[in-house]
Every structure is written in C-alpha cells, then in structure tokens.
Amino acid sequence: MSATRPASSCAPRLVALCGGVGGAKLALGLERAYGGAVSVVVNTGDDFEHLGLHVSPDIDTVLYTLGGRSDLERGWGRAGDTWQFMKALHELGGETWFQLGDRDLAMHVERTRQLRAGISLTEFTRNVAERFGIAATILPMSDERVETTVITPAGALSFQRYFVEKQCIPVVRRLEFRGAERARMSDAVAAALRNPGLDAIIVCPSNPYLSIDPILAVPGMRAALKAAEVPVIVVSPLIGGQAVKGPTAKIMAELGVPADSRALAAHYAGLIDGMVIDESDRADAAALDIPVCVAPTLMRTLEDRVRLARTCADFAMQLRDQSARAEGAGR
Ligand code: GDP
C-alpha cells in the first residue's frame, strides 16, 4: 500500500473479495453499511455444468443473501424453496447428489439460457442484482471458466464432487484452478479495482484455499490488488483456531499448516496490509508482523454483520491515514 489521498468524508468505496456463505455474511454487512459504494468480487471456481445447466453456487449465495432471499436455516439456497423437481428427477433415475430447489432451478435455467444467447455472466449477474434490489455491485471474478479441482490421494475431484458429494471427506493434497491461466479478469472487476476513488479492499472471511485463491489465480488479479494503492485487509475465517463451518481448518491441517492467524497471514503474505482476527484468537496478535484489529467476528445477526463491516472499513481507513502520515513524514 502506498496512500497519498486523505480519507473521504462520505461512504468509503470498497471492493470485497468473497466466496459463498461465510463471505456473503460480511458482504451483506458491507452492503447494509455502505450500499452502492461496495463492489463484491465473487469466486466462480465452484461453477459447474450440472444437468445441462450453468450453476454458479457462490454468485447465487451472494445474490440470495444480499437480495434477502437466502435460506438462513439451511445455510444455502433460496428461502421457502420446494423440492418437486428433485423428487421427479429421482423418480426418473436422474442424478440427485446435488440438490436444486424449484425456485433455485429458475436461476440456473435462466442463466444458462442467457449465457447461450451471448449474455456474459457479469451482465446476467448485474441484471439479477438489480431485480433483487441489491445496491452493491456483484461481480463474477471472470466471465471465463476456472475450475477449482481438488487433488486427493485417490486422484483429482471436481470441486462440487469434493464439497457436496464427498462432503469434504477426502484429504486435500493440493488445489488446482484449471483454466485460470487462460481466464481474463472481467472489465468490470478491473474497473472496480482501478477506480481512483477506491478506499480499501476487504478479503471476506471466506475459505482461503477454496474461495479466495481461485480469485487470486485469475491472471493480473494480484497485480491489480497491489496497484490499487489502498489498504488490503483480510478477515480471518477462523474463530478460536476453528472454522465456523466448512473445511478451512481441516484443509490447513492436511496441507501441513497450523490453523491459526499466523498461517493465514503467511498465506496472504505480500498482498495484505492488515488482518482482522477474532477476540478468541487475541493471543495470535503478538505473532503477526502486520497491523491487527482484534474484534468479535462471529456474525450471528444482521447487526453483527454490519458492526464487523464498519470495523473493517474503520480499520482500513486507519491504516490508510497512518500510511499517508508516514509518507508525509518521509518527504
Ligand atoms: P463457502 O464457499 O460457502 O464455503 O463459503 P466461504 O468460503 O465464503 O466461507 C467459509 C468460511 O467462512 C469458513 O472458513 C468459516 O469459518 C467462515 N465463516 C462462516 N461464518 C463466519 C463468521 O460468522 N465469522 C467468521 N470470522 N468466519 C465465518
């Protein structure tokens, strides 16, 4: 980070990098706190073709969450969904390992139709966000396919086979983001990161390996984050050394790194200027050689989400002011 602009007095303009459920919690808080000043760059490494349909799980989680349509009890999919399609599919002997609710199905059918008609994923997502009344800009990381692939001792598994069908049980040896080398950052993502009014970049508390690394694997993404010259901060997805949900800590163990803030900071080394960690991990702060903000990071309620969003933005603005002062003193 090299900051020369003073902090703006209006809502900070933010870009958030986000995966699915964990990331969307903070994205919702950011959207409620700062509205249209927020752009959310979403992982599409989980996207896959299923039953002839283009499914974008993380984009849909973000759209349903920010659009007030997510099923909060189940933790995924659309609220109030029904399952007639799955029952009928089962009766026909079709593939039922990946659950598609009836309402959710409409999203995949319509997205597939529009993509085939030549509409980009970025454009489709923008239209749905508008229809759902979402103030923030939701941006797929790329319009080209990147396929997160989990390399296990028994061979390669596509992401959804690992995550949904095998329930994250296979040991992760390494991850590959197939197609990433040919993917292009969308113009909309590049513009959001190049926006001269940008104030900070916030990496949501998403799984670093499965949700954030695919975004960072898009060519030019890391360079664009650095070139933005604003603080980049990451919110730890760990609380007390455990994931709130999902395989983050399990994958860290399998990759031979401890599930703690230091390992996360090392994972993002060279990219981040600060880290927000949970109060229960306060002891980790001393071991970190970047600025740390210790705060309650468990987001149970909407108020928790908004509070953490404001904490992140305030922390980033502090880092920017400190950097501007340091630059001024060095002149
Ligand atoms: P997924 O793609 O649906 O698995 O979602 P993400 O990758 O975006 O988020 C998964 C991560 O979110 C997990 O590592 C969780 O520990 C983390 N997470 C979920 N809820 C919370 C929360 O309330 N606070 C924090 N700090 N992390 C959370």
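None of these values were measured; they are calculated from a predicted model.
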> Is E147 salt-bridged to R161, going by a charged N under 4.0 Å from an acidic O?
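The answer is no: the pair does not qualify as a salt bridge.
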> Could you report the tightest heavy-atom contact between L66 and A136, atom names first, then the distance?
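Looking at all heavy atoms of both residues, the closest pair is CD2-CB, 4.2 Å.
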> Is it true that R74 and D81 have a side-chain N and a carboxylate O under 4.0 angstrom from each other?
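Judged by the 4.0 Å cut-off on N to carboxylate O distance, R74 and D81 do not form a salt bridge.
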> Has D102 got a side-chain atom pairing as donor or acceptor with F85's backbone, closer than 3.5 angstrom?
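Between the backbone of F85 and the side chain of D102 there is a qualifying donor-acceptor contact (under 3.5 Å).
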> Measure from the side-chain N and O atoms of D199 to the backbone N and O of R13, and report whether any donor-acceptor pair falls under 3.5 Å.
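It does hold such a pair.
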> Please find out if less than 6.0 Å separates the ring center of W83 from that of H90.
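Ring centroids of W83 and H90 are no less than 6.0 Å from each other.
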> Report yes or no: do N207 and T248 form a side-chain donor-acceptor pair below 3.5 Å?
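Result is yes, a qualifying pair exists.
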> Can you tell me if K250 uses its side chain to pair, donor with acceptor, with the backbone of I169 under 3.5 Å?
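Flag set: sc K250 to bb I169 pair under 3.5 Å.
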> Has the side chain of T152 got a donor or acceptor atom that lies under 3.5 Å from a matching backbone atom of A154?
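Flag set: sc T152 to bb A154 pair under 3.5 Å.
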> Go through the steps to decide whether T44 and D58 satisfy the test side-chain contact (heavy atoms from CB on, under 4.5 Å), and finish with yes or no.
CA-CA 7 Å; T44 59; D58 284 357; over 6 Å; no
> Shortest non-hydrogen contact from A217 to A180?
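Heavy-atom minimum between the residues: O-CB, 3.7 Å.
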> Would you say the side chains of Q322 and Q318 form a donor-acceptor pair under 3.5 Å?
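No, no side-chain donor-acceptor contact under 3.5 Å.
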> Mind listing the closest non-hydrogen atom pair of A79 and R103 along with its distance?
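Between these two residues, the closest heavy atoms are O-NH1, 3.6 Å.
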> For residues 287-302, please give each side-chain donor-acceptor pair under 3.5 Å, one per line with the distance, not counting sequence neighbours.
| unit_1 | atom_1 | unit_2 | atom_2 | d |
| --- | --- | --- | --- | --- |
| T297 | OG1 | D278 | OD1 | 3.2 |
| T301 | OG1 | E303 | N | 3.4 |
| T301 | OG1 | D304 | N | 3.0 |
| T301 | OG1 | D304 | OD1 | 3.3 |
| T301 | OG1 | D304 | OD2 | 3.3 |

> Ring-plane angle category for H50 and F98, please: parallel below 30°, perpendicular beyond 60°, tilted otherwise.
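Judged by the thresholds at 30° and 60°, the geometry between H50 and F98 is perpendicular.
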> Using the rule side-chain contact (heavy atoms from CB on, under 4.5 Å), only one of S206, S211, P205 pairs with P237; which is it?
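Among S206, S211, P205, the one meeting side-chain contact (heavy atoms from CB on, under 4.5 Å) with P237 is P205.
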> Please check: side-chain N/O of S39 versus main-chain N/O of V15, any donor-acceptor pairing under 3.5 Å?
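A pair under 3.5 Å: no.
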> Could you list the residues that satisfy salt bridge (Lys or Arg N to Asp or Glu O under 4.0 Å) with D314, not counting sequence neighbours?
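Testing D314 for salt bridge (Lys or Arg N to Asp or Glu O under 4.0 Å), a comparison that skips the adjacent residues, returns none.
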> Between K166 (side chain only) and L157 (backbone N and O only), is there a donor and an acceptor less than 3.5 Å apart?
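Such a contact is absent between K166 side chain and L157 backbone.
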> Are the side chain of Q114 and the backbone N or O of I119 linked by a donor-acceptor pair below 3.5 Å?
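Checking the backbone N and O of I119 against the side chain of Q114, no donor-acceptor pair under 3.5 Å is found.
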> Thinking salt bridges, do K87 and E91 make one under a 4.0 Å N-O criterion?
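No, no charged N to carboxylate O under 4.0 Å.
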> If we only count heavy atoms from C-beta on, is the Y268 to V232 side-chain gap below 4.5 Å?
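No; the side chains remain at least 4.5 Å from each other.
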> Taking it one step at a time, do T148 and Y162 satisfy side-chain contact (heavy atoms from CB on, under 4.5 Å)?
CA-CA 10 Å; T148 298; Y162 164 78; over 6 Å; no
> Give me the atom names and distance for the closest heavy-atom approach of F315 to V276.
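It is CD2-CG2, 3.8 Å.
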> Could you check whether R145 makes a cation-pi contact with F48, meaning its NZ or CZ is under 6.0 Å from the centre of the six-membered ring and within 45° of the ring axis?
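Judged by the rule (NZ or CZ under 6.0 Å from the ring centre, within 45° of its axis), R145 is not positioned above F48.
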> Say whether, by atom type as modelled, one donor and one acceptor occur between the side chain of S56 and the main chain of D47 under 3.5 angstrom.
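Checked: no pair found.
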> Please check: side-chain N/O of S280 versus main-chain N/O of G240, any donor-acceptor pairing under 3.5 Å?
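Present.
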> Applying side-chain contact (heavy atoms from CB on, under 4.5 Å) to Q99 and M86, what does each step give before you reach the verdict?
CA-CA 7 Å; Q99 297 279 302; M86 290 310 294; 3.9 Å; yes
> Of I215, V218, D143, V41, which meets side-chain contact (heavy atoms from CB on, under 4.5 Å) against M185?
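For M185, the side-chain contact (heavy atoms from CB on, under 4.5 Å) test succeeds with only one of I215, V218, D143, V41, which is V218.
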> Salt bridge or not for E123 and R126, using N-O below 4.0 Å?
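Salt bridge flag = no for R126 with E123.
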> With a 4.5 Å cut-off on side-chain heavy atoms, are R111 and D60 touching?
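They are in side-chain contact.
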> side-chain contact (heavy atoms from CB on, under 4.5 Å) for V189 and T122? Distances and angles first, verdict last.
CA-CA 9 Å; V189 171; T122 298; over 6 Å; no
> Can any side-chain N or O of Q160 pair as donor or acceptor with the backbone N or O of D46 at less than 3.5 Å?
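Indeed, once roles are kept as given, a pair shorter than 3.5 Å links the two residues.
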